[in-house]
Amino acid sequence: MARHNKTILITMSRTPIIAANWKMNIGPAEAKEFLAAFKNEITCECKAVDKVIVPPFITIPAVMEVLNGCTCVGVGAQDVSDRDNGAFTGEISTTMLNELGCKYVVLGHSERRQYHGETNAYINKKIKKALAAGIIPIYCIGETLEQREGGQLETVLKSQVVEGLEGLTAEEVAGLVIAYEPVWAIGTGKTASAADAQDAHAFIRGVIAATFGQDAADKVRLQYGGSVKPGNAAELMSQPDIDGALVGGAALKADSFAAIIKAAV
Ligand code: PGA
């Protein structure tokens, strides 16, 4: 894969964004304990980094209660419906997320693609719904080990970008967060090397430039996800096309999530 050189200037104009994807962990009571510890860890120097917590739906009100209007930490949801409201058992609407004050929504996570059959086209509808409601999608893409070893990396990433973002304006794409998460690195302890991760991010930015223009490509923030830990965060984050991280396991404890944030400063 060709390496793309980006200037430090461009990298620095994108505010790093570190998000904690709690997945199906941490209920309301535990979230309050997490935030009490997290507040002690995070100080003003971290203002240079956008920090996001993405709890299970049922934990969101507890997180909002502790944050008490503080905008230092953004809150996201792990999914949202592509419908407005009505007879859709188990679904949550953008209106409901807005009522709670959610700024972000994770969409197209590989676990939803894998266990819930979500396709690029279906995720595209959710992305449009979120944007229409003023909620920033954190759009997840990434290849399986089989696809990588079969030489499908670029084809898979390109179709996830082009089909998932189909119909969006360049301005909308510029405001997105895209998380590149190689499926084989999620929850496995195996991280992509910083060079491999950088190559994939540069490729994704190149696809965005070709599809939506250079300005959107320069502005869109790309996170790396997949076994990010305090020990590997700084090296990943120092890559020119990596603007942050989507963190699962290592974001379940306040001290390790805070250490990853500090690595991005
Ligand atoms: P992990 O999860 O950090 O536990 O690998 C990342 C993710 O799935 O977002």
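All values below were derived from every heavy atom in this structure, side-chain atoms included, with hydrogens, water molecules and symmetry-related copies excluded. Index from 1, following the sequence. Atoms within each ligand, like the ligands themselves, are counted from 1 in listed order.
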- Heavy-atom nearest pair, Arg205 first then Asp243, reads NH2-OD2, 2.8 Å
- Message: Within ligand 1, which atoms have a heavy atom of Ala185 less than 4.0 Å away?
- Response: 5 (O)
- If every non-hydrogen atom of Ile186 is compared with every non-hydrogen atom of His109, which pair is closest and at what distance? CD1-CE1, 4.2 Å
- Task: Could you check whether the rings of His201 and Tyr180 sit parallel, tilted or perpendicular, using 30° and 60° as the cut-offs?
- Result: perpendicular
- Thinking salt bridges, do Arg14 and Asp218 make one under a 4.0 Å N-O criterion? no
- Message: List ligand 1 atoms under 4.0 Å from Ser227, heavy atoms only on the residue side.
- Response: 1 (P), 3 (O), 5 (O)
- Taking every non-hydrogen atom, the tightest pair across Leu97 and Ile135: CB-CD1, 3.9 Å
- Side-chain heavy atoms of Ser159 within contact of Val161, under 4.5 Å: no
- Numbered atoms of ligand 1 (with element) below 4.0 Å of Gly226, judged on heavy atoms: 5 (O)
- Query: For ligand 1, is there an atom lying under 4.0 Å from some heavy atom of Lys23?
  - Reply: yes
- For ligand 1, which atoms sit closer than 4.0 Å to a heavy atom of Asn21? 9 (O)
- Message: Considering Gly249, Gly189, Gly187, Gly248 one by one, which has a heavy atom nearer to atom 5 (O) of ligand 1 than any of the others?
- Response: Gly187
- Message: Test your reading of the structure: does His109 have an N or O sitting under 3.5 Å from an N or O of ligand 1?
- Response: yes
- Task: Report the relative orientation of the aromatic rings in Phe257 and Phe38; use parallel for angles under 30°, tilted for 30 to 60°, perpendicular for over 60°.
- Result: parallel
- Message: List ligand 1 atoms under 4.0 Å from Glu181, heavy atoms only on the residue side.
- Response: 6 (C), 7 (C), 8 (O), 9 (O)
- Message: I need the atoms of ligand 1 closer than 4.0 Å to a non-hydrogen atom of Leu246, numbered in the order shown.
- Response: 6 (C), 9 (O)
